[in-house]
Amino acid sequence: MCKDHAEHNQDHAATAMGRRGLLVTGAAAALTLSTVSFANAAPAAGSPSAGGGEQARTVRGTLPPGSPDFVYLPVEVPRGVSEIHVAYTYERPAVPAGTQGNALDIGIFDERGTALGGRGFRGWSGGARTEFFLRADAATPGYLPGLVRAGTWNIAIAPYTVAPQGLAYEVTITLRFGDPGKTPAPVYPPERAKGRGRAWYRGDCHIHSVHSDGRRTPAEIAALARAAGLDFINTSEHNTSSGHSAWAGLWGDDLLILTGEEITTRNGHVLAVGTDAGTFVDWRYRARDNRFGHYAREIRRADGLVVPAHPHATCIGCNWKFGFGDADAVEVWNGPYTPEDEISLADWDNTLVSAGRSGQAWTPAMGNSDAHRDPDPIGTPQTVVLAEDLTREAILAGIRAGHSYVAESAKVSLTFGASGGRGRHAGIGDRLRVDADDQVTVRLEVTGAPGCTAHFVTDQGTLHTAALPESGAGAVEWRTTASYATYVRAEVRHAATVPGLPGALAAFTNPVFLGE
């Protein structure tokens, strides 16, 4: 095997920005570095490269603080390449306390270009991997297999945070020559499982596997989902659709697998839940770019739901900045319950009043595990959805309508509703149409919540509280009127562990609205 190795030193990125200029790709500004070329534009017949072989180039440079979100390294790929392999490293110097250090993400676009929302996307691993490959029949998880066609490819390096000393990086591109091979047709999960007809179905719509920054395989996740009592899950890898075809043999009559993505921008994360298999949604924009509405519509055109994730998370770039006007639901409980979730729950509750009085659309809440690796539990929490059957269409319709509650595990079950007026009844997510002064009876039934307390929450706040029996199974009733409560929803909480603060949630429901 013949190996041709060369090194190219890129100028300091600050100089490169002055020389090349910033390119605006329709949203976030991006820097394009000098093109990397390979010696043999097309390996001659009989040459070592023609029968196999490889060539490699190494590029080094430094990105200063304040670099653009995305830096593109163009690579001229000649004919005859069967595989492209990329490896990268970067320096992580010590920084003072309270100062962000270096973090550099990576991905790749093929010869179709880097245009925002274009067809050139071929994969993304963020900061989860130091190397990746693509060829016709296979690719590193997070990347899409396919032919390595001749043309200008672009390696995307994304400085998430940059230390005061700058971010020194090294990227090595290796091209391997030979038979291009064939790409097998992807096998996607079916949109229907056996189900139980109209029933309550449990699901977790925010899970990560080895196809992004998770450590579990799809097979391990499917087994854990079944063990957690789930009926459905949604794939939600960061900024890639590569995991959509990774579930062959893992679905069944008892488990519906939806395909989606966690669109991970610099101004917050949003789940695309249940999109058409193979759908990729771009993430290269900030709130200031006014592009999110376009991509929310792209999710809906793919028959998926738009669900901002962990909107009050404190990690860098995680706090949701795009507003909720385009949301179909919002994830207010993310993983084991924390003060961040308490803030998200209160913030969501504050949005219910206007919808309750006007009768206009409102944004339902949901909860998901965001599980990445052991010991993160799958299905803590889980969204329990009233659906006509265990199908993609029915589950998404139930979530969109707010016919759902959130529970910390399959051990917890709730029944919640309100009745009044002339024998009318309304369940979770619905409206009980009664006159303002009609008596309304609100009833909550709980199982699987020992040591917990039931709370009825309205637009005034918590108006009724009752301890559940020691067994954790019981019923609580409360009477009110539509003039006194715009809506009522239920919370089931564990005992408080910090004086003056509420206990962690065991479950909560979407509201029942009261009034005409």
Side-chain angles (χ1 to χ4, degrees), residues 191 201-207 232-236 241 256 258-265 267-277 279-283 285 287 291-313 320-334 344-345 347-352 354-356 358-370 381-388 391-406 427-431 487 489 508-513:
E191 297 186 10
Y201 295 99
R202 295 175 179 269
D204 188 346
C205 291
H206 190 169
I207 303 172
F232 66 93
I233 58 175
N234 177 69
T235 70
S236 55
S241 57
L256 175 70
L258 307 175
T259 54
E261 181 183 337
E262 183 173 10
I263 299 125
T264 307
T265 80
N267 287 160
H269 303 183
V270 60
L271 302 174
V273 177
T275 49
D276 294 336
T279 298
F280 163 69
V281 183
D282 215 318
W283 76 100
Y285 43 83
R291 298 292 292 172
F292 176 67
H294 170 81
Y295 289 100
R297 291 189 292 274
E298 288 289 311
I299 294 170
R300 292 196 188 93
R301 275 194 285 268
D303 290 332
L305 300 183
V306 179
V307 184
H310 45 67
H312 289 278
W320 185 247
K321 306 290 188 183
F322 295 91
F324 297 95
D326 289 298
D328 295 307
V330 58
E331 182 189 80
V332 304
W333 185 353
N334 175 273
S344 294
L345 180 69
D347 193 37
W348 165 73
D349 183 88
N350 291 340
T351 70
L352 298 177
S354 60
S358 68
Q360 294 177 351
W362 58 285
T363 305
M366 64 186 306
N368 303 297
S369 72
D370 200 0
Q382 54 195 247
T383 300
V384 190
V385 183
L386 179 61
E388 297 301 317
T391 66
R392 170 195 176 195
E393 181 181 11
I395 291 294
L396 297 188
I399 295 172
R400 187 184 294 109
H403 295 157
S404 60
Y405 65 89
V406 181
I428 298 171
D430 290 331
R431 176 178 290 274
Y487 60 87
R489 59 181 185 82
F508 76 93
T509 73
N510 276 298
V512 175
F513 293 100

Problem set entry | Considering all heavy atoms, the nearest Asn267-Thr265 contact | N-OG1, 3.0 Å
Exercise. Listed by chain and number, what are the side chain to side chain contact (heavy atoms under 4.5 Å, CB included) partners of Thr509, not counting sequence neighbours?
Worked result: Tyr405, Leu414, Phe416, Ile428, Arg489, Ala490
Exercise. What distance separates Thr363 OG1 from Leu352 CG, expressed to the nearest 0.5 Å?
Worked result: 8.5 Å
Exercise. Shortest non-hydrogen contact from Glu388 to Ala394?
Worked result: N-CB, 4.0 Å
Exercise. Please walk me through it: do Phe322 and Val306 pass side-chain contact (heavy atoms from CB on, under 4.5 Å)?
Worked result: CA-CA 12 Å; Phe322 295 91; Val306 179; over 6 Å; no
For this session: Could you list the residues that satisfy salt bridge (Lys or Arg N to Asp or Glu O under 4.0 Å) with Asp326, not counting sequence neighbours?
Result: none
Problem set entry | Spatial distance of atom CG (Leu271) from atom CG (Leu305) [nearest 0.5 Å] | 10.0 Å
Seminar exercise, completed: For Gly274 and Asn234 the tightest heavy-atom approach is N-OD1, 3.1 Å
Exercise. Mind checking whether Ile263 and Phe292 have side chains closer than 4.5 Å, heavy atoms only?
Worked result: no
Problem set entry | Any residue meeting side chain to side chain donor-acceptor pair (under 3.5 Å) with Tyr487, in chain and number order, not counting sequence neighbours | Asp349
For this session: With sequence neighbours excluded, tell me which residues meet side chain to side chain donor-acceptor pair (under 3.5 Å) with Asn334.
Result: Glu331, Asp370
Seminar exercise, completed: Tyr295 meets the ring pair (Phe, Tyr, Trp, His ring centres under 6.0 Å) criterion, sequence neighbours left out, with Tyr285
For this session: Decide yes or no on side-chain contact (heavy atoms from CB on, under 4.5 Å) for Phe508 and Leu345, but give the supporting numbers first.
Result: CA-CA 10 Å; Phe508 76 93; Leu345 180 69; 4.0 Å; yes
Exercise. About how many Å separate NE2 of His206 and OG1 of Thr383, when rounded to the nearest 0.5 Å?
Worked result: 12.0 Å
Exercise. Do the side chain of Trp348 and the main chain of Thr351 share a donor and acceptor less than 3.5 angstrom apart?
Worked result: no
Exercise. Among all residues two or more places apart in sequence or in another chain, which pass the side chain to side chain donor-acceptor pair (under 3.5 Å) test with Arg431?
Worked result: none
Problem set entry | Approximate separation, where rounding is to 0.5 Å, of His269 NE2 and Trp283 CH2 | 12.5 Å
For this session: In sequence, state the C-alpha distance, the side-chain angles, and the governing distance for Ile399 and Met366, and then conclude on side-chain contact (heavy atoms from CB on, under 4.5 Å).
Result: CA-CA 8 Å; Ile399 295 172; Met366 64 186 306; 4.2 Å; yes
For this session: Tell me, please, which residues at least two apart from Glu393 pass salt bridge (Lys or Arg N to Asp or Glu O under 4.0 Å).
Result: none
Problem set entry | Between OG on residue Ser236 and CG on residue Asp204, distance to nearest 0.5 Å | 8.0 Å
For this session: Would you check if the side chain of Asn510 reaches a backbone N or O of Ala365 as a donor-acceptor pair within less than 3.5 Å?
Result: yes
For this session: Begin with the C-alpha distance, continue with both residues' side-chain angles, and end with the deciding distance and a verdict on side-chain contact (heavy atoms from CB on, under 4.5 Å) for Val273 and Leu396.
Result: CA-CA 8 Å; Val273 177; Leu396 297 188; 3.9 Å; yes
Exercise. Between Thr391 and Leu256, which heavy-atom pair has the shortest distance, and what is it?
Worked result: C-CD2, 3.6 Å
For this session: Under the side chain to side chain contact (heavy atoms under 4.5 Å, CB included) rule, collect the residues that match up with Ala355, sequence neighbours excluded.
Result: Trp362
For this session: State which residues pass side chain to side chain contact (heavy atoms under 4.5 Å, CB included) with His312; sequence neighbours excluded, sorted by chain then number.
Result: Asn319, Ile343, Ser344, Asp347
Exercise. In terms of side-chain heavy atoms, does His403 have a donor or acceptor partner in Asp430 at a distance below 3.5 Å?
Worked result: yes
Seminar exercise, completed: In this structure, CD1 of Ile233 is separated from CD1 of Ile207 (nearest 0.5 Å) by 5.0 Å
Seminar exercise, completed: When every non-hydrogen atom of Ala327 is compared with those of Pro308, the smallest separation belongs to CB-CD, 3.6 Å
Exercise. Sequence neighbours excluded, which residues qualify as side chain to side chain donor-acceptor pair (under 3.5 Å) partners of Thr259?
Worked result: none
For this session: Keeping the roles fixed (side chain from Thr235, backbone from Gly260), state whether a donor-acceptor pair exists under 3.5 Å.
Result: yes
For this session: List in chain and number order the residues that pass side chain to side chain contact (heavy atoms under 4.5 Å, CB included) with Thr279, two or more places apart in sequence or in another chain; answer none if no residue qualifies.
Result: Thr275, Asp276, Val281, Ala302
Problem set entry | Least distance between heavy atoms, Asn368 atom then Cys205 atom | OD1-N, 2.8 Å
Problem set entry | Summary of salt bridge (charged side-chain N to carboxylate O under 4.0 Å, His left out) pairs that have at least one residue in residues 297-311, sequence neighbours excluded | Glu298-Arg301, Arg300-Asp328
Problem set entry | Side-chain heavy-atom pair Phe232, Val385 within 4.5 angstrom cut-off | yes
